[in-house]
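Notes for the one structure printed next.
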2 protein chains.
Amino acid sequence: MLVMTDADPSPLLGTSAFRLRVVGAVVTERFAAEIAGYDLKPKHVGVLALLASAPATSQLDLARTMGVAPSLIVRIADHLERIGAVERVRDPADRRRQALRLTPRGTELLAACTRLSRSMERDLLAGLSAPDRASFRTALARVATNLDLPS
Amino acid sequence: MLVMTDADPSPLLGTSAFRLRVVGAVVTERFAAEIAGYDLKPKHVGVLALLASAPATSQLDLARTMGVAPSLIVRIADHLERIGAVERVRDPADRRRQALRLTPRGTELLAACTRLSRSMERDLLAGLSAPDRASFRTALARVATNLDLPS
DNA sequence: TCAAATCATTCACGGCGTAAATGATTCCGG
DNA sequence: CCGGAATCATTTACGCCGTGAATGATTTGA
């Protein structure tokens, strides 16, 4: 007869929900450390990425898709403008709206962050076979949609 | 000849490293909202889980494994003690050390959080086949070890 | 035309996490 | 065995991030 091993004293640590939390936090932390040299923080990069996929987005739209307060977007835009990554453009059709537009420097910074993110991804998935990596990516995308996230 | 489709205007959003970041953040946010009724925050639950798998751990050890400052553990322990989830016990062999021990109430709270985490996991992995869920779990565990996280 | 809604911005605030200083205890070299 | 250095917990002060509540400018619609 098989010996009944003791139950894991804290099954919580093994749940995927928990692991996703701590993995996400650690990845963010390392990403933040690597982009610090560009005078960027993760949310700045998020804005740059959104601007690349939807040019000239208003600040309020950015706030909504990122799930943060509009006042926070103002500060992020201020900083991005200060380092020359974006410029504010008043919408001529509705002069209340401030659209943000990537500058060449912003595109450049985004490209650097993209390379960085790809490099991190290679490290994260190291040791998995190519098909395993692929199915992990699609499963993760599914998890994202289950959370009502874009894509 | 195949038409060359335009490149994704921001491939960054599609990288697994980026998705892990935002998925982790959203999961943490929802987890936090659900445990708020117990007067708990995610880090409190982390301490409870560590205490379940390694009873009577010193506060400094907790700080090290969680990667936070010892002064933060003090505040977390204060709060957990106040709501009756843990008790402080001085190590008789080294009276500088404060070990934390789960109370019955702490075990109870941890069990509730564990159920919650399992329930969230079911929602996150909804729409994946059983083998897909299994391989996602093992791949995620691999990612965790690639980040030097405990298993 | 004017009141209500919308957008950007500023401001003050709360909360999390850190580093430094303090005190108690333990360790160790001479 | 003794005194200085290291270790652990705690307190305190500080910075930073994110929010919500004004404020002002502009647009909408009745």
Side-chain angles (χ1 to χ4, degrees), chain A residues 21-22 24-26 28-33 35-36 38-47 50-51 54 56-83 86-101, chain B residues 21-22 24-26 28-33 35-36 38-47 50-51 54 56-83 86-101:
Chain A
R21 299 207 313 97
V22 0
V26 172
T28 295
E29 183 184 328
R30 300 206 182 170
F31 184 69
I35 63 180
Y38 300 124
D39 202 2
L40 289 174
K41 309 222 165 166
K43 296 234 155 115
H44 299 140
V45 179
V47 167
L50 288 178
L51 289 178
T57 309
S58 79
Q59 299 186 180
L60 191 62
D61 285 346
L62 288 170
R64 283 200 249 262
T65 69
M66 292 182 61
V68 299
S71 55
L72 181 56
I73 299 290
V74 171
R75 286 202 295 231
I76 292 173
D78 285 348
H79 184 252
L80 289 175
E81 201 175 30
R82 207 172 52 71
I83 68 176
V86 305
E87 49 190 8
R88 282 181 160 99
V89 176
R90 283 248 171 241
D91 183 343
D94 183 345
R95 302 189 17 250
R96 289 168 303 182
R97 310 194 114 210
Q98 286 278 50
L100 298 185
R101 191 185 308 274
Chain B
R21 299 209 309 99
V22 1
V26 173
T28 295
E29 182 183 329
R30 301 207 181 171
F31 185 69
I35 62 179
Y38 300 125
D39 203 1
L40 289 175
K41 308 220 167 169
K43 297 233 154 119
H44 299 140
V45 179
V47 166
L50 288 178
L51 290 178
T57 309
S58 80
Q59 298 187 180
L60 192 61
D61 285 346
L62 288 170
R64 281 200 250 264
T65 69
M66 292 182 62
V68 300
S71 55
L72 181 56
I73 298 291
V74 171
R75 285 202 296 228
I76 292 173
D78 283 349
H79 184 252
L80 288 175
E81 201 176 28
R82 205 171 52 70
I83 67 175
V86 305
E87 49 190 9
R88 281 180 160 99
V89 30
R90 284 243 171 245
D91 183 344
D94 182 346
R95 302 190 16 252
R96 288 168 305 181
R97 312 193 112 214
Q98 287 277 52
L100 298 186
R101 191 186 308 272

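Chain naming here is simple, since letters A, B, ... match the order of the sequence lines and numbering starts at 1 in each. A quick note: this is a predicted structure, and the numbers were derived from the prediction, not measured.
In this structure, A/Lys43 reaches the D/dG18 phosphate: one of its side-chain N or O atoms is under 4.0 Å from OP1 or OP2. Checking the phosphate oxygens (OP1, OP2) of D/dT23, no side-chain nitrogen or oxygen of A/Arg96 falls inside 4.0 Å. Contact check, A/Arg95 against D/dT26: a side-chain N or O comes under 4.0 Å of OP1 or OP2. Dashed line: the shortest gap from a side-chain N or O of A/Gln98 to OP1 or OP2 of C/dT9 is under 4.0 Å.
Taking the nucleotide of DNA chain C with the nearest heavy atom to each of A/Ala99 and B/Asp91, the more 5' of the two is matched to A/Ala99. Along DNA chain D, the nucleotide nearest to A/Pro92 and the one nearest to B/Leu72 differ in position, and the one closer to the 5' end is contacted by B/Leu72.
A 4.5 Å side-chain heavy-atom check between A/Leu62 and A/Leu100 finds at least one atom pair inside the cut-off. Side-chain contact between A/Asp39 and A/His79: present, with at least one pair of heavy atoms (C-beta onward) separated by less than 4.5 Å. A 4.5 Å side-chain heavy-atom check between A/Ile73 and A/Met66 finds at least one atom pair inside the cut-off.
Taking atom CD of A/Glu29 as the reference point, atom P of C/dG17 lies 11 Å away to the nearest angstrom. For the pair A/Arg97 CZ and D/dT27 C1', the interatomic distance rounds to 12 Å; values are reported in whole Å. The CZ-C1' distance, from B/Arg64 to C/dT18, rounds to 16 Å in whole Å. As rounded to whole Å, 8 Å separates atom P of D/dT10 from atom CD of B/Glu81. Atom pair A/His79:NE2 and C/dT9:P shows a separation of 16 Å (rounding to whole Å applied). As rounded to whole Å, 9 Å separates atom P of D/dG18 from atom NE2 of A/His44. The interatomic distance linking A/Lys41 (NZ) with D/dG18 (C1') rounds to 13 Å, in whole Å. At whole-Å resolution of the value, CD1 in B/Ile76 and P in C/dT18 are 9 Å apart.
Comparing C/dT26, D/dA9, C/dT9 against the side chain of B/Val74 picks out D/dA9 as the nearest. Considering only the side chain of B/Ala69, C/dT18 comes nearest among C/dT25, D/dT10, C/dT18. For A/Arg75, whose side chain is taken as the heavy atoms from C-beta onward, the closest listed nucleotide among D/dT19, C/dG15, D/dT26 is D/dT19.
Annotation: the span from A/Arg64 atom CZ to A/Thr57 atom OG1 amounts to 12.5 Å, rounded to 0.5 Å. Atoms CG and CD1, from B/Leu40 and B/Ile83 in turn, are 4.5 Å apart once rounded to the nearest 0.5 Å.
Within the nucleic acid shown, A/Val68 comes within 4.0 Å of sugar-phosphate atoms alone, with no base atom in reach, counting heavy atoms only. At the heavy-atom level, A/Ser71 lies under 4.0 Å from base atoms of the strands shown.
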